[in-house]
Amino acid sequence: HSPVDPSAEPPEKAEEAALRPGVLAEFGGQQRVAEQLGLVLAASKSRGTTPDHVLLSGPPGLGKTTLAMIIASEMSAPIRISSGPAIQHAGDLAAILSSLVPGEVFFLDEIHRMSKPAEEMLYLAMEDFRVDVVVGKGPGATAIPIDIPPFTLVGATTRAGLLPGPLRDRFGFTAQLDYYEVADLERIVTRSAGVIGVELAAGTAHTIASRSRGTPRIANRLLRRVRDWADVNHESPVTPQGAQTALDLYEVDPLGLDRLDRAVLTAVCLKFGGGPVGLSTLAISVGEEPQTVEEVAEPFLVRLGFLMRTPRGRVATDRAWRHLGLEPPSDGPS
Ligand code: ADP
């Protein structure tokens, strides 16, 4: 073994970049979205124009950043990456927009967390490729219009519903990413194993995929933990039993529930008798922001049929109780 070079990039960082599919054809899953986006890109390529602005919504780790990078690479355009919370002043946004090169892709993550003045500047930029920079204060303030080159905004948000209508309306193409099917994740795990050089026996990709919470980012992470286990235990190819042992060690739930998912379920069942419980009460009891509970944990629990959102609050289903190894209350919802 060579000594560790402390100046080198963390190996997992470099690997992360290698795992990102670079072209649309390598992007597994989300078939409809990939097809629709492919059409948008092909059409603008054939017309020689900059593609319409794209809004991608969905829980973290499903491939929004990856798609933005794919759009740039398919259009042979550079990409600029920023995020809503990083743009607190309209001036921050003006600085980025006015330095874009023609055709550049501007990826704006967490677009729903931008400040109001920046958002208003973005409206104009998206529509007219112009920003008004205000110089001075009070009655003497003047707005100086600055033309900006045509660009493609790729906005990402955990929930499209959080965006004000006028902003949402300015996107020409909107796509909602959903949790991946196990079969899609299986293909992603197989591809990733090839990239990072892990040999998997038949069925192992399936074992990892089915515990990945419908999320490619988690699938890649679990694959690395399985690799750690296999390296230490000299198992190659890695068998499904091996992968299962490794994942049990990391306390990965058989259905892929993570710490927050389990905390939310446990709280609804044990602290609130199965619900209904309001979002903010629930969030406080698990020590998280309501937004995180609502946008990260809940969509997956609802999808699994563990949690219901009712007008009176969140309710755990019988399946949820049983998953926690508990007997559901006899009068509870099923
Ligand atoms: P988001 O921006 O939605 O949080 P990312 O685009 O950063 O998600 O994706 C997380 C990781 O998952 C990336 O490193 C990428 O390698 C992987 N990934 C996401 N979507 C796919 C996909 N469709 N096929 C293969 N890998 C994917």
Side-chain angles (χ1 to χ4, degrees), residues 9-38 41 54-74 79-86 105-113 152-160 162-163 173-198 200 205-206 208-227 256 258 260 291-292 295-297 299-300 303:
E9 214 175 301
E12 295 216 343
K13 260 259 148 68
E15 226 168 57
E16 192 65 43
L19 288 177
R20 243 182 235 286
V23 291
L24 211 46
E26 282 175 16
F27 189 84
Q30 312 285 347
Q31 237 156 24
R32 189 181 301 256
V33 171
E35 214 170 293
Q36 293 170 342
L37 186 61
L41 299 183
V54 173
L55 179 65
L56 303 171
S57 60
L62 297 191
K64 299 184 292 295
T65 311
T66 306
L67 278 177
M69 290 176 163
I70 287 176
I71 292 172
S73 87
E74 296 269 350
I79 183 167
R80 183 81 61 94
I81 296 180
S82 189
S83 77
V105 171
F106 177 31
F107 178 61
L108 195 45
D109 204 3
E110 298 190 77
I111 190 170
H112 58 282
R113 295 181 57 197
T152 299
L153 177 70
V154 180
T157 175
T158 40
R159 267 197 11 231
L162 294 173
L163 287 194
F173 176 69
T174 313
Q176 162 82 47
L177 301 190
D178 205 348
Y179 291 109
Y180 288 62
E181 303 294 336
V182 173
D184 292 330
L185 288 173
E186 220 175 304
R187 278 189 285 276
I188 292 173
V189 169
T190 304
R191 173 181 174 273
S192 296
V195 173
I196 67 173
V198 192
L200 301 181
H206 180 83
I208 298 173
S210 49
R211 294 189 177 206
S212 297
R213 204 183 181 273
T215 308
R217 176 180 291 143
I218 296 179
N220 285 338
R221 190 164 70 213
L222 297 187
L223 174 65
R224 289 203 204 93
R225 298 292 73 83
V226 167
R227 173 182 61 181
D258 63 18
L260 178 61
Q291 194 184 333
T292 309
E295 289 158 36
V296 180
F300 189 64
R303 155 132 171 172

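These numbers were taken from a predicted model, which means no experiment stands behind them. Whatever order the structure lists them in is the order used to number ligands and atoms, beginning at 1. Count residues from 1 along the sequence.
In this structure, atom 18 (N) of ligand 1 lies nearest to the protein heavy atom Pro216 CB, 3.4 Å. At the top of the distance list for atom 2 (O) of ligand 1, counting protein heavy atoms only, stands Thr65 OG1, 2.5 Å. Nearest protein neighbour of atom 14 (O) of ligand 1, counting heavy atoms only, is Glu16 OE2, 2.6 Å. The shortest contact between atom 23 (N) of ligand 1 and any protein heavy atom is with Gly28 O, 2.7 Å. In this structure, atom 7 (O) of ligand 1 lies nearest to the protein heavy atom Arg217 NH2, 3.0 Å. Protein heavy atom nearest atom 4 (O) of ligand 1, with residue, atom name and distance: Gly61 N, 2.8 Å. Nearest non-hydrogen protein atom to atom 9 (O) of ligand 1 is Thr66 OG1, 3.6 Å. Scanning the protein heavy atoms around atom 8 (O) of ligand 1, the nearest turns out to be Gly63 N, 3.1 Å.
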Candidate pair Leu153 and Ile111, rule side chain to side chain contact (heavy atoms under 4.5 Å, CB included), full reasoning: CA-CA 11 Å; Leu153 177 70; Ile111 190 170; 4.2 Å; yes

Test log, rule side chain to side chain contact (heavy atoms under 4.5 Å, CB included), inputs Arg224 and Glu16: CA-CA 11 Å; Arg224 289 203 204 93; Glu16 192 65 43; 2.8 Å; yes

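Contacts between Leu56 and ligand 1 below 4.0 angstrom, taking non-hydrogen atoms only, are absent altogether. Under 4.0 angstrom from ligand 1, the non-hydrogen atoms of Pro21 all belong to its side chain. The part of Ile188 lying near ligand 1 is the side chain, judged by heavy-atom distances below 4.0 Å.
Nearest heavy-atom pair, Thr66 versus Pro21, reported as atom, atom and distance to 0.1 Å: CG2-CD, 3.6 Å. Taking both residues in full, the closest heavy atoms of Ala219 and Ser212 are given as CA-OG, 3.2 Å, listed atom of the first, atom of the second, then distance. Pairing each heavy atom of Gly214 with each of Leu185, the nearest pair is CA-CD1, 3.6 Å. In terms of heavy-atom proximity, Gln176 sits nearest to Val33 at O-CG2, 4.0 Å. Of all heavy-atom pairs spanning Pro60 and Thr158, the tightest one is CD-CG2, 4.2 Å.
For the pair Glu26 and ligand 1, the shortest N or O to N or O distance does not fall below 3.5 Å. Residue Phe27 has no N or O atom closer than 3.5 Å to an N or O atom of ligand 1. Polar contact with ligand 1: absent for Gly29 (N/O pair, distance under 3.5 Å). Checking only distances, Arg191 never comes within under 3.5 Å of ligand 1, N or O to N or O. For a threshold of 3.5 Å applied to N or O pairs, the pair formed by Pro60 and ligand 1 contains no separation below that value.
The ring pair (Phe, Tyr, Trp, His ring centres under 6.0 Å) contacts involving residues 174-195 comprise Tyr179-Phe300, where partners must be two or more places apart or lie in separate chains. Screening residues 186-195 for salt bridge (charged side-chain N to carboxylate O under 4.0 Å, His left out) gives Glu26-Arg191, Asp184-Arg187 as the qualifying pairs, with residues at least two apart or on separate chains.
Glu295 is listed as a side-chain neighbour of Leu162, based on a closest heavy-atom distance under 4.5 Å.
Within the listing of ligand 1, atoms 16 (O), 17 (C) sit less than 4.0 angstrom from a heavy atom of Asn220.
Just one residue in the list Ile70, Val105, Ile71 forms a side-chain contact (heavy atoms from CB on, under 4.5 Å) with Ile79, and that residue is Val105.
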